[in-house]
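Single-structure report; data block below.
Not measured: the values here are computed from a predicted model. Start at 1 with the first residue, then count along the sequence.
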Amino acid sequence: MATTTLAELADRAQVMLNDAGAGTWPQATVESWICDAILDYSQTFPMNARITISVSGASPGYQFDLYTGIIAVTLVEYPDGEDPPIYLKRRSRTHPNFYGTAGYYDVWMTEDQTEEPQLFLSVEPSDGEDIGVDVIKHHPIPASSGSDITVPMHHEGILLLYTLWAAFRERLATEQQDPDTTLAGAVTLLQQLVKGAEQAEADYRRALKAAKANVAPSGITGRWVADIHDPIY
């Protein structure tokens, strides 16, 4: 499957900004804007990932570290690799029947980058077993210019719209430091940049919204429940 590197997408952004030679904005600046775009994009379109926790030790305990950047845990499979798979149900670890009752898990999610989220199992796993954890998480920030981005190719245009907005913000911030009031009439360059930044943000938000609307809703179907007025046979 073809992938796009951070540098390749930055090159396309430079063309869109009419700055293919990087005479106005250095490559590193545009790449940093794309990284910011990935972070913002992840709020609407997070990525799915699978974490495998390998249990070791005679008494591994009930609590296990995940990693930062996780938005939510969607499934926990334990023991991992069974056919058919065995999925645990979520129950609060403070429930009186949590610990010692097979079939349950809980998650403690942190709100910062200082501690990892924690996974709790209701029974202590055995040495050598694996725990499978399905999560949604932020798309990773590319480590270097040559690193691949994980945003789908059909959504790369959304990232480009973000960089256009970022460029307007940068020009606006520069103008705010020393406004040019020499233009004829009441329309100053500062006002034009404000309008341009607002329009660029609106275009970016509109593209995000349209992309989200194109994603078909899906979910787990619950059991069928008869209407109370249905006849009984």
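- Closest heavy-atom contact between Pro125 and Pro60: O-CG, 3.2 Å.
- Between Phe98 and Ser122, the shortest heavy-atom distance links the atoms O-CB, 3.0 Å.
- Here CG of Leu160 is found 5.0 Å from CE of Met16. Values are rounded to the nearest 0.5 Å.
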List the steps and the verdict of side-chain hydrogen bond (donor to acceptor under 3.5 Å, both in side chains) for Ser144 and Ser147.
-> CA-CA 5 Å; Ser144 65; Ser147 299; 3.1 Å; yes

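- Contact between Ala20 and Val15 at its shortest, heavy atoms only, is CB-CG2, 4.2 Å.
- Note: Gln63 CD to Glu124 CD = 12.5 Å, rounded to the nearest 0.5 Å.
- Distance CZ/Phe168 to CD/Glu198: 11.0 Å, rounded to 0.5 Å.
- Pro140 is listed as a side-chain neighbour of Thr150, based on a closest heavy-atom distance under 4.5 Å.
- Both Tyr104 and Trp108 belong to a single network of hydrophobic side chains, linked directly or stepwise wherever heavy atoms of I, L, V, M, F, W or Y lie under 4.5 Å apart.
- Two different hydrophobic clusters hold Leu75 and Ile53 under the rule that ILVMFWY side chains link at heavy-atom gaps under 4.5 Å.
- Under 3.5 Å, the side chains of Tyr41 and His155 contain a donor-acceptor pair of N or O atoms.
- The two atoms that bring Leu161 and Asp203 nearest to each other are CD1-O, 3.8 Å, heavy atoms only.
- With Leu119 as reference, Ile131 is the one residue of Ile131, Val73, Asp65, Val135 to meet the side chain to side chain contact (heavy atoms under 4.5 Å, CB included) rule.
- There is a path of hydrophobic side-chain contacts, each under 4.5 Å, that joins Leu17 to Leu172.
- In this structure, the ring of Tyr99 has its center less than 6.0 angstrom from the ring center of Tyr62.
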Applying ring-ring contact (aromatic ring centres under 6.0 Å, His included), run through Trp165 and Tyr162 and close with a yes or a no.
-> CA-CA 5 Å; Trp165 175 31; Tyr162 184 99; 5.3 Å; yes

Side chain to side chain contact (heavy atoms under 4.5 Å, CB included) between Ile158 and Tyr204, intermediate numbers included = CA-CA 6 Å; Ile158 298 175; Tyr204 167 68; 3.5 Å; yes

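- Using a distance-only test at 3.5 Å, with no hydrogens or angles considered, a donor-acceptor pair links the side chain of Thr101 to the main chain of Asn97.
- Hydrophobic clustering of Ile, Leu, Val, Met, Phe, Trp and Tyr side chains at less than 4.5 Å, counting indirect connections, unites Ile149 with Leu164.
- Taken from CE in Met109 to OG1 in Thr68, the straight-line distance is 10.0 Å, to the nearest 0.5 Å.
- Atoms OG1 and CG, from Thr4 and Asp148 in turn, are 8.0 Å apart once rounded to the nearest 0.5 Å.
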Side chain to side chain contact (heavy atoms under 4.5 Å, CB included) between Phe64 and Val133: does it pass, once the steps are laid out?
-> CA-CA 11 Å; Phe64 302 89; Val133 186; over 6 Å; no

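- Side-chain contact check for Ile70 versus Ile51: some heavy-atom pair is nearer than 4.5 Å.
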Decide yes or no on side chain to side chain contact (heavy atoms under 4.5 Å, CB included) for Val194 and Gln191, but give the supporting numbers first.
-> CA-CA 5 Å; Val194 168; Gln191 290 171 321; 5.6 Å; no

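- Atoms CD1 and CG, on Ile38 and Leu9 in that order, are 7.5 Å from each other to the nearest 0.5 Å.
- Put simply, Val107 and Leu121 are part of the same group of oily side chains (I, L, V, M, F, W, Y) that touch within less than 4.5 Å, one to the next.
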From CA spacing to verdict: side-chain hydrogen bond (donor to acceptor under 3.5 Å, both in side chains), Glu170, Trp33 = CA-CA 10 Å; Glu170 193 269 350; Trp33 290 342; over 6 Å; no

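- For the pair Ser42/Ile71, no side-chain contact is recorded, criterion being any heavy-atom separation below 4.5 Å from C-beta on.
- Between Thr24 and Arg171, the closest side-chain pair of non-hydrogen atoms falls below 4.5 Å.
- Judged by distance alone, with hydrogens and angles left aside, the side-chain atoms of Thr5 form a donor-acceptor pair with the main-chain N or O of Glu8 at under 3.5 Å.
- In this structure, Arg50 pairs ionically with Asp80, as a charged nitrogen and a carboxylate oxygen lie closer than 4.0 Å.
- For the salt bridge (Lys or Arg N to Asp or Glu O under 4.0 Å) condition, the pairs that include at least one residue of residues 83-93, sequence neighbours left out, are Arg90-Asp106, Arg93-Asp106.
- With hydrogens and angles disregarded, a donor-acceptor distance shorter than 3.5 Å links the side chain of Asp127 to the backbone of Gly57.
- Nearest approach of His139 to Phe45, heavy atoms of both residues: NE2-O, 2.9 Å.
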Please step through side chain to side chain contact (heavy atoms under 4.5 Å, CB included) for the pair Val30 and Gln27, ending with a clear verdict.
-> CA-CA 5 Å; Val30 177; Gln27 179 88 358; 5.7 Å; no

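- Side-chain contact annotation: Ser54 with Asp130, donor-acceptor N/O pair under 3.5 Å present.
- Asn214 places a side-chain N or O within 3.5 Å of a backbone atom of Ala210 that can act as its donor or acceptor partner.
- Smallest separation of non-hydrogen atoms from Ala22 and Gln14: CB-NE2, 3.8 Å.
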